[in-house]
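Report on one structure; see the data block that follows.
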Amino acid sequence: MSDIKVYPVQENIAKNALIDDAGYQKMYQQSVVNPEGFWREQGQIVDWITPYTKVKNTSYDPGHVNIKWFEDGELNVSANCIDRHLATRGDDIAIIWEGDNPAEDKKLTFKELHKEVCQFANALKAQGVKKGDVVCLYMPMVPEAAIAMLACTRIGAVHSIVFGGFSPDALAGRIVDSNSKIVITSDEGLRGGRAVPLKKNVDEALANPNVTCIEKVIVLKRTGGDVAWNDSRDVWWHEITENQPVECEPEAMNAEDPLFILYTSGSTGQPKGVLHTTGGYLVYAAMTFKYIFDYQPGDVYWCTADVGWITGHTYLVYGPLANGATTILFEGVPNYPSTARMSEVVDKHQVTILYTAPTAIRALMAKGDEATAGTKRTSLRVMGSVGEPINPEAWEWYYRAIGNASCPIMDTWWQTETGGILITPLPGATALKPGSATRPFFGVQPALVDNEGLILDGATEGNLVMLDSWPGQMRTVYGDHERFEQTYFSTFKGMYFTGDGARRDEDGYYWITGRVDDVLNVSGHRMGTAEIESALVAHPLIAEAAVVGVPHEIKGQGIYAYVTLNAGEEPTPELHAEVKQWVRKEIGPIATPDVLHWAEALPKTRSGKIMRRILRKIATGDTGTLGDTSTLADPSVVDKLIEEKSKVV
Ligand code: PRX
């Protein structure tokens, strides 16, 4: 390990940072020795309508998994993100919107945000939305996406955001599972100069006979593009909002009332609705944002994530706004219209904190100097990375080329399920090692276990688990608590299993090695191999499919799909294109296979189980060490697959 570079805490950062290393050590100890006392105090980071008397009531016991935080307190998320800042910083900027087109931007003060959120909350009520109803958002990256989220929280409605890149079928599935009553969308979205037909996709999703729960579709006019209209169902955002009162009393919500549902992929079945509740989530979002990005008044913070992902929930909207921070909401992509767009936006808005993903960093790195041409980026102080392991080479490039070798990088490890960041450096406290997410945040108790669940000590490698709960943890799988227990608490009894593997070094630093289950991480987008396989076998000519991940220079992982056609069918270039298109239509462009391997047969055990280990090795060309193939029903399948691989395009 001696060749690993260590970047000590920068003096200039440490001098002004909220916390130094001694402070971290002390607070961390308190947080794990006495979680109850620690969180009783930290819960005060947000404003409560009814103060809590109870703090932690959690159990990971098999059959009785129960997670409750601050359970007798009442609060409102939108009041915490907006109203409480009005007296002191009402005229400060809450949201800077930067359009896909660099000529378009807009700023909203906390006062303006308050008015917009109240009016839209009143509009939602007028459309029949009540406390506890589920509202589906299928939105582009415009201020109205954040306004709609906050308006839901104001009246106690539960939002379920579906990423605008998902297909009508994927949208329909999520609408049905969450039993959404309303969809909020826009005529079209705009990304990288291209229009995205959001309303058309909603129309298609709602034409699915399984979707019977939607009463209204609220449509925001973004591009003015042509849309079909259903008079009994569709309403324009501006028409239902413009005459609404500009005040709306925030609903007092119990800390454990649902806040939002967000679908994410696992190793089996269809995506799960991850349920987060109100109090613990907000406390955790606010606190992690503050310490991890060392937020100071006057900062301009930019998180490049889409609101359709958990990062867009916690660190684009709720964490920053709960702290009264200025948050940038960017409609576009980091390399449009110029390769240097990300750097240009940093200079234009004098961004001080930048939070982005390794896949974006690698794509820009591939362009070299072009990615920073004509920009200075001297406003930056702290940078962050999220979504997948960042390789040291990309880390170094991010550090030098974007950050001018003067901004510490927070490599933040977390998941949709965790609500907020669990393993991370802190700017003024943690020496950095490129590629390591370093140490646990306050209250977080990671451990590494072997495949039998035995806790491993010292410098070692194993399955990453959490031994105790933190306030931002998901509470259940929406509508299926048994699946929640099964997925996260049954592999290793009494522990939360993350699905990731990790290494811990002699300094106690964690190095995430990636998923140990059948989940892929493609450009930071999480996808289950089972999901892609079921999309493939839904094609009328496909008999069987198996999907594995392969290393990909920009995306981190690429999708390699083995496809067996029905007897008598022959692969053709047309079918190749059609199958790729089919998956895009079933799930969305992010799930498009990078490689299609026409396989005559798949390697199976005598009991019919597909041996993915072998498929992974063949896909990566690692055929020298296939291991024991004698348990295969037909070992000759392997040679055939290797031979076919040479023809794969
Ligand atoms: O494998 C880990 C990877 O992303 C997974 C979680 O994906 P998702 O729920 O979509 O949330 C992404 C944004 C929080 C994890 O199980 N992952 C996330 N951050 C990192 C990471 N892997 C390595 N290093 C990270 N910093």
Side-chain angles (χ1 to χ4, degrees), residues 161-163 165-166 260-267 271-276 281 284-285 288-289 292 303-316 318-319 355-362 383-392 394-395 398 409-425 430 432-441 444 446 463-466 472-474 477 487-488 491 496-504 509-529 531 549 555-557 590-591:
I161 309 189
V162 178
F163 174 56
F166 277 125
F260 65 82
I261 302 166
L262 182 58
Y263 285 84
T264 195
S265 299
S267 49
K272 299 178 281 283
V274 168
L275 183 81
H276 283 288
Y281 172 83
Y284 200 72
T288 47
F289 174 78
I292 295 166
C303 163
T304 63
D306 191 284
V307 288
W309 309 113
I310 190 68
T311 311
H313 286 60
T314 310
Y315 298 111
L316 182 74
Y318 295 123
Y355 191 30
T356 191
T359 187
I361 296 165
R362 288 192 297 261
M383 304 195 300
S385 169
V386 60
E388 52 179 312
I390 181 164
N391 47 312
W395 195 104
Y398 189 28
I409 298 174
M410 304 301 109
D411 177 357
T412 61
W413 176 88
W414 59 297
Q415 312 178 291
T416 306
E417 293 89 337
T418 69
I421 297 163
L422 296 195
I423 303 184
T424 179
T430 319
L432 306 173
K433 300 184 192 180
S436 171
T438 78
R439 307 186 292 197
F441 189 73
V444 174
N463 300 296
L464 180 64
V465 299
M466 298 296 151
Q473 183 166 28
M474 76 183 280
V477 169
T487 309
Y488 303 104
T491 317
Y496 166 77
F497 179 38
T498 64
D500 278 1
R503 188 164 65 76
R504 187 173 49 225
Y509 276 34
Y510 286 85
W511 300 73
I512 309 298
T513 50
R515 302 286 307 194
V516 294
D517 54 9
D518 291 320
V519 171
L520 306 182
N521 192 329
V522 180
S523 300
H525 301 319
R526 182 169 154 183
M527 265 170 296
T529 51
E531 234 175 295
K555 300 181 188 179
Q557 264 187 321
I590 56 173

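Whatever order the structure lists ligands and atoms in, that order sets their numbers, starting from 1.
The shortest heavy-atom distance from A437 to ligand 1 is not under 4.0 Å.
When the options T314, T418, T412 are ranked by their closest heavy atom to atom 26 (N) of ligand 1, first place goes to T412.
Side-chain polar atoms of T412 and Y355 form a donor-acceptor pair below 3.5 angstrom.
If you take CD1 on I361 and OH on Y398, they are separated by 5.0 Å, rounding to the nearest 0.5 Å. If you take NE2 on H276 and CD1 on I261, they are separated by 11.0 Å, rounding to the nearest 0.5 Å.
Closest to atom 23 (C) of ligand 1 among all protein heavy atoms lies P389 N, 3.1 Å. Regarding atom 12 (C) of ligand 1, its nearest protein heavy-atom neighbour is G387 CA, 4.2 Å. Distance from atom 8 (P) of ligand 1 to its nearest protein heavy atom, with residue and atom name: T416 OG1, 3.5 Å.
In terms of polar-atom proximity, T311 is not counted as a contact of ligand 1, lacking any N or O under 3.5 Å from an N or O of the ligand. The shortest N/O to N/O separation between D500 and ligand 1 falls below 3.5 Å. No N or O atom of S385 sits closer than 3.5 Å to an N or O atom of ligand 1. Polar contact check, I310 against ligand 1: no nitrogen or oxygen pair lies under 3.5 Å apart.
Looking at heavy atoms from C-beta onward, W511 lies out of side-chain contact with D411 at the 4.5 angstrom threshold. The closest side-chain heavy-atom distance from F163 to L262 is not below 4.5 Å. The closest side-chain heavy-atom distance from T288 to T424 is not below 4.5 Å.
Less than 4.0 angstrom separates some heavy atom of V386 from each of these atoms of ligand 1: 13 (C), 14 (C). Shown in contact with N521 at under 4.0 Å from a heavy atom are these atoms of ligand 1, numbered in order with element: 3 (C), 4 (O). Distances below 4.0 Å separate heavy atoms of R526 from the following atoms of ligand 1: 6 (C), 7 (O), 8 (P), 9 (O), 10 (O). Residue W414 approaches ligand 1 through these ligand atoms, each under 4.0 Å from one of its heavy atoms: 6 (C), 14 (C), 15 (C), 18 (C), 19 (N).
Taking the salt bridge (charged side-chain N to carboxylate O under 4.0 Å, His left out) definition, one finds that R362 meets it with E388, sequence neighbours left out. Every residue meeting the salt bridge (charged side-chain N to carboxylate O under 4.0 Å, His left out) condition with D500, not counting sequence neighbours, appears here in chain and number order: R515.
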Next item on the list: Begin from the C-alpha positions of W414 and Y315 and carry the test ring pair (Phe, Tyr, Trp, His ring centres under 6.0 Å) through to its verdict.
Entry: CA-CA 12 Å; W414 59 297; Y315 298 111; 5.1 Å; yes
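Residue E388 touches ligand 1 through its backbone alone, judged by heavy-atom distances below 4.0 Å.
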